[in-house]
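This report concerns only the one structure given below.
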Amino acid sequence: MYFLLRYVLRRTDCEKEWIFERCREVQKDPDGHLDLWPRFHYKSTIITYALTIQEILRNPEVTIGIFSHTRPIAKAFLRQIKREFESNQTLQACFSEIVWADAKQSPKWSEDDGITVRRQSNPKEATVEAWGLVDGMPVAKHFSIRVYDDIVTRESVSTPEMVAKTTDALRLSYALGMEGGRQRMI
């Protein structure tokens, strides 16, 4: 994953021993953890961005739901992944059987509907979709991987009622996973 992040995704800012070690740690055991690293320590970059792209390159049939407190926050994560698939010529050349040379060919390619890479199956879910946990949670969707990133904001824990609302929304979102599905919490 570190090679993908640093050299294929061209993240020169990630050329740090600590990030290399976190990439190895996450790659070894990516699911079912609550990652509580300090702010600005590349949690979202490694897990939500690089690991999501790596999962798609390994298995284009995967469906991934990115959940944040509100949908605009989740869309920002999707936007970064979407731009990478659109503009990274190395990804397009090395993974032409998965990555569209022209995203306009994709059946779904937007922040609202999600993005769909080349795949054999035809699930109703896009390859990656962005949703709000408290604001804008979907119904009738089932993702093989659910990524929870920034589901708690300062405003979401300002009162006991808001804490309960966020906690209940998280609990409800578990129904959006497929049987045997995986989850990641950042």
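Computed from heavy atoms alone, side chains included, the values below leave out hydrogens, waters and symmetry copies.
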Which residues satisfy the salt bridge (Lys or Arg N to Asp or Glu O under 4.0 Å) test with Asp102, sequence neighbours excluded? none

Please identify each residue that fulfils side-chain hydrogen bond (donor to acceptor under 3.5 Å, both in side chains) with Ser121, with sequence neighbours left out. Glu61

Pairs where residues 91-101 contributes a residue and the test side chain to side chain donor-acceptor pair (under 3.5 Å) is met, not counting sequence neighbours: none

Contacts of Arg22 that satisfy salt bridge (Lys or Arg N to Asp or Glu O under 4.0 Å) - sequence neighbours left out: Glu25

Run the side chain to side chain contact (heavy atoms under 4.5 Å, CB included) test against Leu51 and tell me which residues pass, sequence neighbours left out. Met1, Val26, Pro30, Ile47, Gln54, Glu55, Arg184

Sorted by chain and number, sequence neighbours left out, ring pair (Phe, Tyr, Trp, His ring centres under 6.0 Å) with Trp37 holds for Trp18

Tell me, please, which residues at least two apart from Tyr174 pass ring pair (Phe, Tyr, Trp, His ring centres under 6.0 Å). none

Listing request: all salt bridge (Lys or Arg N to Asp or Glu O under 4.0 Å) pairs with a residue in residues 138-154, at least two apart in sequence or in separate chains. Glu129-Lys141

Test: Asp168 and Arg171 ion pair at under 4.0 Å: yes

Tell me every residue that passes salt bridge (Lys or Arg N to Asp or Glu O under 4.0 Å) with Arg79, counting only those two or more places apart in sequence or in another chain. Glu111

How would you list, by chain and number, every residue that makes a ring pair (Phe, Tyr, Trp, His ring centres under 6.0 Å) with Tyr2, sequence neighbours excluded? Phe20

side-chain hydrogen bond (donor to acceptor under 3.5 Å, both in side chains) against Thr70, all qualifying residues, sequence neighbours excluded: none

Counting only heavy atoms not in Arg24 (residues, nucleotides, ligands), do more than 12 fall under 6.0 Å from its CZ? no

Under the salt bridge (Lys or Arg N to Asp or Glu O under 4.0 Å) test, residues paired with Asp13 that sit two or more places apart: Arg11

Residues Thr90 and Tyr7: side-chain donor-acceptor under 3.5 angstrom: no

